[in-house]
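Below is one structure, written out as structure tokens; the observations come after it.
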Protein chains: 2
Amino acid sequence: MAVTIKDVAARAGVNASTVSRVLKDSSEISDKTKAKVRKAIDELGYRRNAAAGILASGKTNTIGVVFPPVVGKSNQPFFMQILTAINAEAQKSQVSIAIATGHETEEVERQVRLLHQEKRVDGFIVLYAGASDSVRDYMMEENIPFVLVGTPSESDSKLSCIDNDNHLMGRRAVQYLTGLGHERIAFVSNTRRGEVFKQRYRGFADEMDFRELKQRLIIFDEEELFGDETALVVLDDALGIKVIEVFIRAGKTVPKDVSVITFNNSIFSTLLHPQLTTFDINIIQLGAAAVQQFLSLSNKDEEKADEQKIIIPFELIERESARKL
Amino acid sequence: MAVTIKDVAARAGVNASTVSRVLKDSSEISDKTKAKVRKAIDELGYRRNAAAGILASGKTNTIGVVFPPVVGKSNQPFFMQILTAINAEAQKSQVSIAIATGHETEEVERQVRLLHQEKRVDGFIVLYAGASDSVRDYMMEENIPFVLVGTPSESDSKLSCIDNDNHLMGRRAVQYLTGLGHERIAFVSNTRRGEVFKQRYRGFADEMDFRELKQRLIIFDEEELFGDETALVVLDDALGIKVIEVFIRAGKTVPKDVSVITFNNSIFSTLLHPQLTTFDINIIQLGAAAVQQFLSLSNKDEEKADEQKIIIPFELIERESARKL
DNA sequence: CTGAAAGCGCTTACAG
DNA sequence: CTGAAAGCGCTTACAG
């Protein structure tokens, strides 16, 4: 019923195998034949049948994107954005996206297994990087190519990671604030766990030490927010908004009484005033690089796998929440 | 290399076609044979090859999920949540999800075309419902089964829609506030467009009229927020937060000076204090119903298509932003 | 540079 | 209730 490669072949007066070669723009085919075949393709409105191609070639040309379990986390905007970025980049190379989501690890793992076992994907892009993760273990055991967005702590050097340099971001935050004249600076977090926290805080602490400045870590909702600090480095935008709210309720003003700088440049950063001065983590590049890395990884001989860590640049977005002392 | 249906057949001592029938639990096969075949399947760790099944059957068992262009909109959390809900429900019926996203309509449309033409999907779930939409037009022309989450205004009765009753939600907001003793109530929006706004506002206005109360529409950022109102019905949570911020900055208190009720129960609703009293729109059910509706639609004879509108119940979540006058 | 043929791993009438 | 066979629409050695 639908137009097949045979119809095109008949119309162009060639063999089906020739049409197939033209479709992948094989250099073996003469330009004349290519033109002839392409004409037939256009006239007939031919489209390749994805399933047939996959079955015959054994290549799915689709990447499974794995979301963290418990998507209820407040940092959701990130995931939709990176999914969009990944999909956009994948389109460029004619590859498709499948997804694995779920509320529990078991559910996600089940989906990952299914995608792989039913041969629906060539491999995965994993959108989280917990210290240890059964999904990742499975992929390593099965020798499935995959790429991580983030950096797990036990940085198994064999992993292929795409990430920002969170440590450097922490340092830069301090550098920016000291450049504004601040010296009494604290780091505010609502958690003591997670690589993102550890690295950003570590960077903050290292830079403060380097400048011989006294540094303090404040755990939000557990410890007193008010001290003698004139500036705060806050783990992310959503927390930044909360921190500022506390100050406002206490009759203080940001950035007049205290400057605040945060990370991520998410939708939270422009929700309220003062709008947040924050580091943009470049989600689009993060997604694009993940796809590119995956593609080069899976096209390579299994052996030559030169896994590596790819660092995506960040950028400080100066808005309203931080200013000269 | 991988285990195929033939391997299973050989081991179980039956024909491949029998294995295929057992896989879909055909009632034609005897229980004894089924047991035998299933044993072989387990022992061999067999998994069906998705592409082969799709090619042979012509059914992809996958649904394309279409996101609105310009995902940069602030209401993003909704999309990740409904994607998760859709995926969860789809899993139950062994169907997969493909996605179409993009920054412009053309890009989204291109992807939709591709998914359909390459026979990667059986149809679509469209996550938006603009008044007129070229993507939707394409699907209608091509007679592709699809389901809408939302309700387009020119409510072409032939469409299959899943939605909350936004008009009723608008009325309920008024009923709740009047129940709390409020009579001077305004509706706050940051737009005059979109079905969601129109229906929620319409419901608000109708109920106010019904109660012979004077009603007012305030467009945020264009018109003065402060009036003699004691309560505000706000289009969505994100706007609710902004509205409250304006009051706080003016030295007023919510809900002491003014009660606020919003819609969606998104992550914004519990971000700050006062936490928002808001209508939960039940995204999980929205997603599940969309999948179920799609499945019943596409399994049905093309003719008998009994498209319909499915209404998902909402629920008022009472938190801190509204109280007795 | 192009063709003929086998094959990818299923499904599904058709027989019996 | 089960089997044998054809076929889904491609890809890709193998020849020439």
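Just the heavy atoms: all of them, side chains too, but no hydrogens, waters or symmetry mates, feed the values below. Residue numbering restarts at 1 for every chain, and letters A, B, ... go by the order of the sequence lines.
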Applying salt bridge (Lys or Arg N to Asp or Glu O under 4.0 Å) to Lys6(B) and not counting sequence neighbours gives none
To the nearest Å, give me how far apart CG (Asn49(B)) and P (dC10(D)) are. 17 Å
Can you list the residues that meet the salt bridge (Lys or Arg N to Asp or Glu O under 4.0 Å) rule with Glu28(B), with sequence neighbours excluded? Arg21(B)
Side chains of Pro313(B) and Gln285(B), heavy atoms from C-beta outward: is any pair under 4.5 Å? yes
Going by the rule ring pair (Phe, Tyr, Trp, His ring centres under 6.0 Å), which residues pair with Phe314(A) if we only count those two or more places apart in sequence or in a different chain? Phe279(A)
Residues from residues 14-40 of chain A sitting under 4.0 Å of DNA chain D, heavy atoms only? Ser17(A), Ser20(A), Arg21(A), Lys24(A)
Provide, to the nearest angstrom, the distance between the CD1 atom belonging to Ile41(A) and the P atom belonging to dG9(D). 16 Å
What residues, two or more places apart in sequence or in another chain, satisfy side-chain contact (heavy atoms from CB on, under 4.5 Å) together with Gln117(B)? Arg47(A), Arg113(B), Tyr138(B)
Residues in side chain to side chain donor-acceptor pair (under 3.5 Å) with Ser20(A), at least two apart? none
Under-4.0 Å side-chain N/O to phosphate OP1/OP2 contact, Arg48(B) with dT11(C): yes
Could you check Ile5(A) against Leu23(A) for side-chain contact (heavy atoms from CB on, under 4.5 Å), going step by step and ending with a plain yes or no? CA-CA 10 Å; Ile5(A) 214 174; Leu23(A) 285 174; 4.3 Å; yes
To the nearest Å, give me how far apart CZ (Arg47(B)) and C1' (dG9(C)) are. 16 Å
Taking Watson-Crick (N1-N3 plus N6-O4 or O6-N4) and G-U wobble (N1-O2, O6-N3), each under 3.5 Å, can you produce the dot-bracket string of DNA chain D? Use [ ] for crossing pairs and | for inter-strand ones. |||.||||||||.|||
Of residues 52-59 of chain B, the positions that come close to DNA chain D - non-hydrogen atoms, cut-off under 4.0 Å: Leu55(B), Ala56(B)
Distance-only criterion, 3.5 Å: show the donor-acceptor pairs between side-chain atoms of residues 118-132 of chain B and protein atoms not counting sequence neighbours.
from      : atom 1 : to        : atom 2 : distance (Å)
Glu118(B) : OE1    : Arg120(B) : NE     : 2.9
Glu118(B) : OE1    : Arg120(B) : NH2    : 3.4
Arg120(B) : NH1    : Ser96(A)  : OG     : 3.3
Asp122(B) : OD1    : Thr60(B)  : N      : 2.9
Asp122(B) : OD1    : Thr60(B)  : OG1    : 2.8
Asp122(B) : OD2    : Thr60(B)  : OG1    : 3.3
Asp122(B) : OD2    : Asn61(B)  : N      : 2.8
Tyr128(B) : OH     : Asp133(B) : OD1    : 3.4
Tyr128(B) : OH     : Asp133(B) : OD2    : 3.1

Nearest whole Å is fine: how far is dA6(C) C1' from Ile5(A) CD1? 15 Å
List, one per line, each side-chain donor-acceptor pair under 3.5 Å for residues 36-43 of chain B, sequence neighbours excluded.
from     : atom 1 : to       : atom 2 : distance (Å)
Arg38(B) : NH2    : Asp25(B) : OD1    : 3.0
Lys39(B) : NZ     : Glu43(B) : OE2    : 3.3
Glu43(B) : OE1    : Arg11(B) : NE     : 2.8
Glu43(B) : OE1    : Arg11(B) : NH2    : 3.0

Could you pull out all residues at least two apart from Ser93(A) that satisfy side chain to side chain donor-acceptor pair (under 3.5 Å)? none
Among residues at least two apart in sequence or on other chains, which ones pass side-chain contact (heavy atoms from CB on, under 4.5 Å) with Ser57(B)? Lys59(B)
